[in-house]
Amino acid sequence: VYTSMSGTAHYGKTHAQAEIDVACTVPTSSASASALIAGIAAVYYDVVEQLQMGVRLEAVYDPDGIFTYMRIVDVLPANTLAAAGATATVTYQPTEWGKLRLDARYLGSLDVNSLIGVNPNARDRTEVVLCADVLLSFLGNN
């Protein structure tokens, strides 16, 4: 059973988002019940019409590997996941059909397990990502 609840609130130039995800499995003759919880909380601010800045906090606790087992292609040191992170983001949208977003993200393990399969263990990671989005709305028009 998987349940996801989310909401967004707008207060003038400030926007807040929250999401919580809960999953659980039912016990069987060969496996006991297990659970997962994950969530995000984010706040964004419109600096000017085309420029938005924000922060996002995220966490996941999957001690029994409900989702990690399904998402892993290569074998990891552990099939469980307990991690939390923070992202700072800047979005520039000069047109209604295109935008650029720069994210700086830190993600850390909440236990002794590595986040990725490397030696030595990688218990945290920092990444900077630049995204370019183009809305191809003309594809749906006749």
Side-chain angles (χ1 to χ4, degrees), residues 1-28 31-142:
V1 177
Y2 178 82
T3 302
S4 179
M5 297 168 281
S6 64
T8 303
H10 304 282
Y11 304 101
K13 292 184 168 194
T14 304
H15 316 282
Q17 294 179 324
E19 178 179 322
I20 188 161
D21 305 308
V22 178
C24 61
T25 63
V26 295
T28 64
S32 60
S34 56
L36 161 136
I37 187 164
I40 66 164
V43 176
Y44 303 96
Y45 180 75
D46 298 331
V47 178
V48 293
E49 187 176 340
Q50 292 106 353
L51 184 65
Q52 185 181 70
M53 300 175 76
V55 292
R56 181 179 70 240
L57 303 175
E58 59 189 305
V60 60
Y61 181 64
D62 187 7
D64 298 310
I66 293 175
F67 281 144
T68 51
Y69 175 76
M70 292 185 293
R71 71 172 175 79
I72 294 172
V73 177
D74 295 324
V75 176
L76 289 178
N79 70 341
T80 63
L81 182 61
T87 302
T89 184
V90 176
T91 303
Y92 174 63
Q93 187 168 0
T95 68
E96 65 181 47
W97 54 266
K99 67 181 172 182
L100 292 172
R101 187 179 70 244
L102 180 65
D103 289 343
R105 180 183 189 210
Y106 170 81
L107 186 63
S109 177
L110 298 175
D111 56 22
V112 298
N113 294 327
S114 180
L115 293 171
I116 57 176
V118 294
N119 187 12
N121 263 359
R123 293 193 56 237
D124 63 353
R125 107 184 243 160
T126 302
E127 55 193 31
V128 176
V129 178
L130 177 63
C131 301
D133 296 350
V134 177
L135 176 64
L136 302 175
S137 60
F138 65 87
L139 293 176
N141 296 335
N142 292 326

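The structure displayed is predicted, hence computed values, not measured ones. Here, residue 1 is the first one in the sequence, and each next residue gets the next number.
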Heavy atoms, side chains only, cut-off 4.5 Å: are [X] and [Y] in contact?
X: R101; Y: D133; answer: yes
X: L102; Y: L100; answer: no
X: V60; Y: E58; answer: no
X: D46; Y: H15; answer: yes
X: S4; Y: E19; answer: yes

Do you know the tightest heavy-atom contact between [X] and [Y]?
X: Y2; Y: A23; answer: CD1-CB, 3.8 Å
X: L57; Y: A86; answer: CD2-CB, 3.8 Å
X: A33; Y: D64; answer: O-OD2, 4.5 Å
X: L135; Y: E96; answer: CD2-O, 4.2 Å
X: G54; Y: Y44; answer: CA-CD2, 3.7 Å
X: D21; Y: M5; answer: OD1-N, 4.5 Å

Nearest-0.5 Å distance that lies between atom [atom1] in [X] and atom [atom2] in [Y]:
X: E49; Y: Q93; atom1: CD; atom2: CD; answer: 9.5 Å
X: T91; Y: M53; atom1: OG1; atom2: CE; answer: 10.0 Å
X: D62; Y: L81; atom1: CG; atom2: CG; answer: 6.5 Å
X: L51; Y: Y92; atom1: CG; atom2: OH; answer: 8.5 Å

